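Proteins get letters first, then strands, A, B, ... in listed order; numbering begins at 1 in each. Since the structure is predicted, the reported quantities are computational estimates derived from the model, not experimental observations.
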Amino acid sequence: MSNFDKADFIQAVYQMVKTVPRGRATSYGAIARSIGYPNMSRMVGTVLGNCNSAETGIPAYRVVNSQGILSGKDAFGTPTEMQEKLAEEGVMVENNRIKDWKRVFWDPMKEIATD
DNA sequence: AGCCTGACGCCGC
DNA sequence: CGCGGCGCCAGGC
């Protein structure tokens, strides 16, 4: 039998993304690890690509790849929407990459007490 | 079932 | 430090 429930996975992703505070951002891999599926970073991206953030309010724009690059910007309304959303809360983007990524990065695993 | 693709990540070179 | 290769897993054909 498989313990993996897709709907459950999707909800876990949504919930974890919502914990990312304004002015910070995290990565697909960090989300995947924090919900117990360390090898599912690609699936996190797939889920966010279908989350319809405009309607659901899920801050998908706060999730980028492990290098701080806005790899999902094409899924937003305009080519600059993702960058603008981040800029509104003080996260600067240059050449499609978050500036000071190491400082902006927010790791759910370290910020959320799991023990 | 096999092959290709994708909002990924890590390791080499 | 950019670039390629490979591992990863679910979906569409």
Side-chain angles (χ1 to χ4, degrees):
Chain A
M1 66 168 221
S2 169
N3 295 340
F4 179 73
D5 179 20
K6 185 179 175 182
D8 197 41
F9 177 79
I10 293 174
Q11 291 308 312
V13 170
Y14 288 174
Q15 184 176 333
M16 195 58 72
V17 172
K18 287 179 183 174
T19 69
V20 182
R22 277 181 64 89
R24 305 296 293 280
T26 189
S27 71
Y28 304 99
I31 292 291
R33 288 191 294 276
S34 69
I35 62 177
Y37 294 96
N39 303 328
M40 303 287 265
S41 49
R42 306 192 73 139
M43 294 300 101
V44 172
T46 299
V47 167
L48 291 181
N50 295 318
C51 77
N52 193 9
S53 59
E55 290 278 325
T56 60
I58 295 169
Y61 61 89
R62 294 191 185 127
V63 186
V64 297
N65 74 9
S66 64
Q67 303 171 77
I69 294 173
L70 281 55
S71 51
K73 66 170 187 171
D74 292 340
F76 290 82
T78 71
T80 55
E81 182 173 330
M82 189 176 188
Q83 174 170 344
E84 290 170 1
K85 288 277 195 178
L86 288 168
E88 282 177 24
E89 42 192 64
V91 176
M92 296 296 102
V93 176
E94 191 173 77
N95 293 326
N96 209 40
R97 194 181 70 219
I98 292 179
K99 296 184 68 174
D100 301 317
W101 172 230
K102 191 172 182 179
R103 183 176 58 78
V104 173
F105 178 64
W106 189 86
D107 187 356
M109 199 65 112
K110 294 192 173 183
E111 307 293 343
I112 308 252
T114 55
D115 47 39

Show the numbers, then the answer: is there a side chain to side chain contact (heavy atoms under 4.5 Å, CB included) between A:Ile98 and A:Leu70? CA-CA 8 Å; A:Ile98 292 179; A:Leu70 281 55; 3.9 Å; yes
Return yes if some donor-acceptor pair links the side-chain N/O of A:Thr78 with the main-chain N/O of A:Glu81 below 3.5 Å, else return no. yes
Keeping the roles fixed (side chain from A:Asn50, backbone from A:Thr46), state whether a donor-acceptor pair exists under 3.5 Å. yes
Could you tell me if the side chain of A:Met43 sits less than 4.5 Å from the side chain of A:Tyr37, heavy atoms only? no
Given the rule in the side chain to side chain contact (heavy atoms under 4.5 Å, CB included) test, do A:Phe4 and A:Met40 qualify, once you have shown the distances and angles that lead to the verdict? CA-CA 12 Å; A:Phe4 179 73; A:Met40 303 287 265; 3.7 Å; yes
Spacing of A:Asn50 atom CG relative to B:dT5 atom P, expressed in whole Å: 19 Å
Could you identify which residues of residues 68-91 of chain A place a heavy atom less than 4.0 Å from some atom of DNA chain B, listed by residue number, or say none? A:Ser71, A:Gly72, A:Ala75, A:Phe76
Between residues 52-67 of chain A and DNA chain C, which residues have a heavy-atom gap below 4.0 Å? none
Those residues at least two apart in sequence (or on a different chain) that pass side chain to side chain contact (heavy atoms under 4.5 Å, CB included) with A:Arg42 are none
In the hydrophobic clustering (ILVMFWY, side-chain contacts below 4.5 Å, transitive), which residues join A:Ile69, or is it alone? none
For residues 65-77 of chain A, which residue pairs qualify under side-chain hydrogen bond (donor to acceptor under 3.5 Å, both in side chains), counting only residues two or more places apart or in two chains? none
Taken in chain and number order and not counting sequence neighbours, the residues that satisfy ring-ring contact (aromatic ring centres under 6.0 Å, His included) with A:Phe105 are A:Trp101
With no hydrogens and no angle check, is any side-chain donor or acceptor of A:Thr26 less than 3.5 Å from a backbone partner on A:Trp106? yes
Integer angstrom distance from the P of B:dA7 to that of C:dC13: 16 Å
With sequence neighbours excluded, tell me which residues meet salt bridge (Lys or Arg N to Asp or Glu O under 4.0 Å) with A:Asp100. A:Arg103
Is there a side-chain contact between A:Val64 and A:Met82 (heavy atoms, below 4.5 Å)? yes
Could you tell me which residues satisfy salt bridge (Lys or Arg N to Asp or Glu O under 4.0 Å) with A:Glu89, sequence neighbours excluded, listed by chain and number? A:Arg22, A:Arg62
When you measure from every atom of DNA chain B, which of residues 6-21 of chain A have a heavy atom less than 4.0 Å away? none
With a strict under 4.0 Å distance from non-hydrogen atoms of chain A, what nucleotide opens and what nucleotide closes the contacted stretch of DNA chain C, reading 5' to 3'? C:dG7 to C:dG11
pair A:Ser53-A:Tyr61: side-chain heavy atoms closer than 4.5 Å: no
Within residues 37-48 of chain A, residues whose heavy atoms come under 4.0 Å of DNA chain B: A:Ser41, A:Arg42, A:Met43, A:Gly45, A:Leu48
Report the residues that fulfil side-chain hydrogen bond (donor to acceptor under 3.5 Å, both in side chains) with A:Tyr28, sequence neighbours left out, ordered by chain and then residue number. none
Counting the atoms with a prime plus P, OP1 and OP2 as sugar-phosphate, which does A:Gly29 contact under 4.0 Å by heavy atoms, base, sugar-phosphate, or nothing? sugar-phosphate
Separation between the P atoms of C:dC6 and B:dC3, rounded to whole Å: 16 Å
